[in-house]
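Heads up, the thing below is written out as structure tokens.
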Amino acid sequence: MADNTKNIIVLVSGGGTNLQALIDAQARGELGGGRITCVISSKAGVYALERAKNAGIAARVIARKDYPDTAAYSAAMLDAFRAERADLIVQAGFMTILDETICKAYPNQMINVHPALIPSFCGKGYYGLHVHEAALKKGVKVTGATVHFVTEVCDGGPIILQKAVAVEQDDTPETLQKRVMEQAEWHILPEAVRLFCEDRLTVENNIVKIRP
Ligand code: GAR
């Protein structure tokens, strides 16, 4: 019988709390039958690699610093995705830019979680804590998180899910980051992966439709 299980590769660069949310969702049977088969980090020594190890998931490091440019790095990543027979690639706190060869090889098969309500506070330079610093500097009263398909436009691909989070008067970038993760990212990322693995996402004219 054919095996319809989707192979999920998770890309990380740091602490890996979003990876942990995916691992926990998988353990609860909430990834729509998808299976995390490999974790790839752009940096050695990060805690996300420990999380993969603790969950018994194969992990490898393809360090950005070992490659001269984005093209060479992207080519190495593409080789890895093919070797792992990836069906879905999830950028979960992945802080490195990949070039358009990857988006073309995996159209609407790569997703990213961004810690703001796109199109606010996104694009080049908006990553990690910088996003929350910018939100506080602007004084927005609501922020949140977005899961979207990855295209060649940084943070510009079709939006799959979003969740809003209130900004508090006394928030610091750190407290806001924590709340956005807890209330939004750790929920909508596994949910988007589940919808993908259940073949419920389609993209028409850059708009994502979710089959009920
Ligand atoms: C998360 O907030 C994620 O949304 C963000 O970095 C953090 C990683 O945390 N990603 C980006 O800013 C990508 N542009 P984690 O390693 O604990 O999942």
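All ligand and atom numbering here is 1-based and tracks the order in the structure. Only heavy atoms go into these numbers, but all of them, side chains included; no hydrogens, no water, no symmetry mates.
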Strictly below 4.0 Å, N to O, side chains only: are E133 and K137 in salt-bridge contact?
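Judged by the 4.0 Å cut-off on N to carboxylate O distance, E133 and K137 do not form a salt bridge.
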Answer yes when R194 and E191 have at least one side-chain N-carboxylate O distance shorter than 4.0 Å, and no when they do not.
yes
With a cutoff of 4.0 Å, is V113 in contact with ligand 1, counting heavy atoms of the residue only?
yes
Does at least one non-hydrogen atom of G128 fall below 4.0 angstrom from an atom of ligand 1?
yes
Determine the minimum heavy-atom distance between I8 and C197, stating which atoms define it.
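Heavy-atom minimum between the residues: CD1-SG, 3.9 Å.
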Please state which protein non-hydrogen atom is closest to [atom] and give its distance, to 0.1 Å?
atom                    : result
atom 6 (O) of ligand 1  : M95 CE, 3.1 Å
atom 8 (C) of ligand 1  : G93 CA, 3.6 Å
atom 3 (C) of ligand 1  : E185 OE1, 3.2 Å
atom 16 (O) of ligand 1 : G16 N, 2.8 Å

Heavy-atom proximity to atom 9 (O) of ligand 1 ranks first, among H130, H114, K178, M181, for M181
Closest to atom 11 (C) of ligand 1 (judged by heavy-atom distance), picking from P115, A92, G15
P115
Look at the aromatic rings of Y73 and Y67 and report parallel, tilted or perpendicular, splitting at 30° and 60°.
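The arrangement is perpendicular - the two ring planes meet at more than 60°.
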Is it the side chain, the backbone, both or neither of Q91 that has a heavy atom closer than 4.0 Å to ligand 1?
neither
Look only at the side chain of [X] and the backbone of [Y], and say whether a donor-acceptor pair between them is shorter than 3.5 Å.
X    : Y    : answer
H187 : E182 : yes
Q162 : I118 : yes
S41  : A44  : no

Can you tell if the side chain of L161 reaches within under 4.5 Å of the side chain of I210, non-hydrogen atoms only?
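Yes, close enough: below the 4.5 Å cut-off.
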Is Y127 in polar range of ligand 1, meaning some N or O pair under 3.5 Å apart?
no
Report yes if D155 has an N/O atom closer than 3.5 Å to an N/O atom of ligand 1; otherwise report no.
no
